[in-house]
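One structure is given below, represented as structure tokens, and several questions about it will come after.
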Amino acid sequence: MALLNPSFEDAGTLPGEAAHWTLTAVTSLEELAGFGTAPEEAWEDFERWFERLASPDDVIVVLAFFDTLKGYEAFESGWDNVVYLYELPPVQLVSATFDGHDAEDCESGWSNVPYAHEWSDVAGMTGMFGTEPREGFEEKWHGNEAYAWTWAGVTSSHAMFDAGAQGVEEFESAWTRATTQ
């Protein structure tokens, strides 16, 4: 959809208004909440609710009891798991093998044989773009074969207003003068 009245030349129904444009105003009211003995700071430090302890030694530790005076949760009763499995039976254990070995050494089958441990082990080669050893960005880049290498090679034109009659916008056409009361 085309933008209607993009240069603001067509006046709207009210003074200072442009046709096909909508003016929107937003206001808000900010209010600060004060806390504690210094409400002007407007932040809660929670120090009047709790005593600040400077050391873990100052913390009072209370032991929580489970079942009948046990200081730990055994997860044996009340959890529907009375037959709890403490270890896997040997018949259910199957070792994974990697080419007959217990561990994957990433040496074979990964297109990296022999594995390079140092940069000096890597053979360097020049990347080719077509038949050239560099990318010139001059071909097959969405029609930019006529690439401009300097600003002098760029064609330019002036923006025209009033149906192409003026090179500057004066905002004079059919605007009702806005007044204040």
Side-chain angles (χ1 to χ4, degrees), residues 1-56 58-59 64 79 96 98 104-181:
M1 182 171 120
L3 188 62
L4 300 175
N5 193 17
S7 63
F8 302 103
E9 290 188 14
D10 299 329
T13 56
L14 298 174
E17 183 182 56
H20 308 292
W21 287 85
T22 302
L23 298 175
T24 303
V26 176
T27 61
S28 66
L29 176 65
E30 301 292 331
E31 188 172 323
L32 297 177
F35 295 94
T37 57
E40 70 279 359
E41 293 181 3
W43 58 277
E44 177 58 272
D45 57 7
F46 299 99
E47 289 182 3
R48 31 184 202 115
W49 295 3
F50 300 100
E51 181 183 349
R52 183 178 178 276
L53 302 175
S55 168
D58 296 337
V59 177
W79 288 88
F98 301 91
E104 173 60 88
D105 56 9
C106 297
E107 291 288 332
S108 60
W110 290 89
S111 300
N112 62 353
V113 179
Y115 190 76
H117 295 279
E118 302 284 336
W119 276 113
S120 59
D121 297 340
V122 178
M125 58 189 312
T126 304
M128 299 298 287
F129 298 88
T131 57
E132 299 176 12
R134 64 177 179 83
E135 175 56 271
F137 297 101
E138 73 280 356
E139 298 172 345
K140 298 179 185 172
W141 283 88
H142 302 290
N144 70 347
E145 285 78 21
Y147 187 78
W149 294 97
T150 63
W151 280 112
V154 178
T155 57
S156 63
S157 62
H158 292 283
M160 299 302 286
F161 300 92
D162 294 330
Q166 288 185 323
V168 295
E169 175 55 81
E170 295 173 349
F171 298 102
E172 79 288 354
S173 301
W175 281 85
T176 304
R177 180 176 293 267
T179 59
T180 58
Q181 298 180 9

Notebook entry, point to check: Just wondering, do Trp21 and Leu3 contact through their side chains at under 4.5 Å, heavy atoms?
Noted result: yes
Notebook entry, point to check: Glu9 and Phe161: which non-hydrogen atoms are nearest, and at how many Å?
Noted result: OE2-CB, 4.1 Å
Next item on the list: Can you see which heavy atom on Pro133 is nearest to which on Thr126, and at what distance?
Entry: CB-CG2, 3.7 Å
Margin query: Keeping Asp10 on the side-chain end and Ala19 on the backbone end, is there a donor-acceptor pair under 3.5 Å?
Written below: no
